Amino acid sequence: MIKKGFTLLRQLYERYREQFWYLVVGGLTTVVDFVVYYLLSAVTPLHYLVIYWIAWAVAVLFAFFPNRNLVFRNTGREGLLRQFAEFVSSRVATLLIGEGLLFLLVGICHLPDGWMKPVVQVLIVILNYVFSKLFVFRQKSE
């Protein structure tokens with residue numbers, strides 16, 4: 001019975017390995033983003049949108065290599081600079097989407113930024129996976 005359970009877990013892991021590691025790396029990246037965001041919010045007088053940009057930049061730098069090597073299994077130096085540029089570009093797109101949503105929810109609707117940040121982040125995580133899978137770390141057709 002235990003052996004069947006491990007076999008099932010292994011099959012699930014093999015089938016969803018990429019998504020599993022994306023969630024792990026994405027979770028760690030989100031932690032980095034949130035820690036930077038909330039620390040800067042607590043210790044600086046900076047506007048929440050400026051803090052959002054800073055937290056984003058730190059998280060993007062943190063996320064590139066784990067996504068490239070662990071999640072999407074792109075190793076070696078070939079295409080590294082192109083992938084980095086595409087990765088940053090795709091993240092700029094989701095940064096602008098996230099910032100626009102925060103401006104709408106916090107700046108216009110006057111909802112608390114501490115609550116809206118996680119709401120916005122869920123959408124951003126989904127969009128980042130789609131962009132990475134389809135555009136940045138796409139596998140070449142044989």
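Please read all numbers here as calculations on a predicted model, not as lab measurements.
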(Q) Test ring pair (Phe, Tyr, Trp, His ring centres under 6.0 Å) on Tyr16 and Phe20; report intermediate values, then the result. (A) CA-CA 6 Å; Tyr16 298 107; Phe20 171 79; over 10 Å; no

Review point. Can you list the steps and then say if Phe62 with Leu28 is a side-chain contact (heavy atoms from CB on, under 4.5 Å)?
Key: CA-CA 9 Å; Phe62 171 82; Leu28 292 172; 3.9 Å; yes

For this session: Give the C-alpha distance, both sets of side-chain angles, the deciding distance and a yes or no for side-chain contact (heavy atoms from CB on, under 4.5 Å) between Val25 and Leu70.
Result: CA-CA 9 Å; Val25 171; Leu70 183 61; 4.0 Å; yes

>> Please determine whether side-chain contact (heavy atoms from CB on, under 4.5 Å) holds for the pair Trp21 and Tyr13, giving the CA-CA distance in whole Å, both sets of side-chain angles, and the decisive distance to 0.1 Å.
In response: CA-CA 10 Å; Trp21 284 112; Tyr13 173 78; 2.7 Å; yes

Assess the residue pair Asp113 and Tyr52 against the criterion (side-chain contact (heavy atoms from CB on, under 4.5 Å)); give the C-alpha distance rounded to whole Å, side-chain angles, the decisive distance to 0.1 Å, and a yes or no.
CA-CA 10 Å; Asp113 66 310; Tyr52 184 85; over 6 Å; no

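At least one donor-acceptor pair closer than 3.5 Å links the side chain of Tyr38 to the backbone N or O of Gly114. When atom types are taken as modelled, the side chain of Asn67 and the backbone of Ala63 share a donor-acceptor pair closer than 3.5 angstrom.
Under 3.5 Å, the side chains of Asn128 and Tyr22 contain no donor-acceptor pair of N or O atoms. Side-chain contact check for Ser132 and Arg91: at least one donor-acceptor pair (N or O, by modelled atom type) lies under 3.5 Å. Defined by atom type and a distance below 3.5 Å, a donor-acceptor pair is missing between the side-chain atoms of Gln121 and Tyr37.
Put simply, Phe137 and Leu61 are part of the same group of oily side chains (I, L, V, M, F, W, Y) that touch within less than 4.5 Å, one to the next. Val92 and Ile126 end up in different hydrophobic clusters when Ile, Leu, Val, Met, Phe, Trp and Tyr side chains are linked at under 4.5 Å. Under the 4.5 Å side-chain heavy-atom criterion for ILVMFWY residues, a single connected hydrophobic cluster contains both Trp115 and Leu111. No continuous path of ILVMFWY side-chain contacts below 4.5 Å connects Ile124 to Val31, so the two sit in separate hydrophobic clusters. Linking Ile, Leu, Val, Met, Phe, Trp and Tyr whenever their side-chain heavy atoms come within less than 4.5 Å leaves Phe65 and Leu23 in two separate clusters.
Between Gln11 atom CD and Phe6 atom CZ the span is 14.0 Å, to the nearest 0.5 Å. Going from atom OG of Ser41 over to atom NE2 of His47 covers 11.0 Å, rounded to the nearest 0.5 Å. Note that CG of Leu102 and OH of Tyr48 are 7.0 Å apart. Values are rounded to the nearest 0.5 Å. Of the inter-residue distances, the one linking Phe64 atom CZ with Phe87 atom CZ reads 7.0 Å to the nearest 0.5 angstrom. In this structure, the separation between CG on Leu134 and OG on Ser90 is 10.5 Å, given to the nearest 0.5 Å. One finds the CG atom of Leu49 at 11.5 Å from the CD1 atom of Ile54 (value rounded to the nearest 0.5 Å).
Looking at Asn69 and Asn74, their side chains never come closer than 4.5 Å, going by heavy atoms from C-beta outward. Side-chain contact check for Lys117 versus Val106: every heavy-atom pair is 4.5 Å or farther apart.
Here the closest heavy-atom approach between residue Ala59 and residue Asp33 is recorded as CB-CB, 3.9 Å. Closest non-hydrogen pair, Arg82 versus Val136, comes out as NH1-O, 3.8 Å.
Crowding of Leu81 atom CG: a count of heavy atoms from other residues, nucleotides or ligands under 6.0 Å not exceeding 12.
At a threshold of 4.0 Å, the pair Arg73-Glu18 does not count as salt-bridged, since none of the basic side-chain nitrogens sits closer than that to a carboxylate oxygen.
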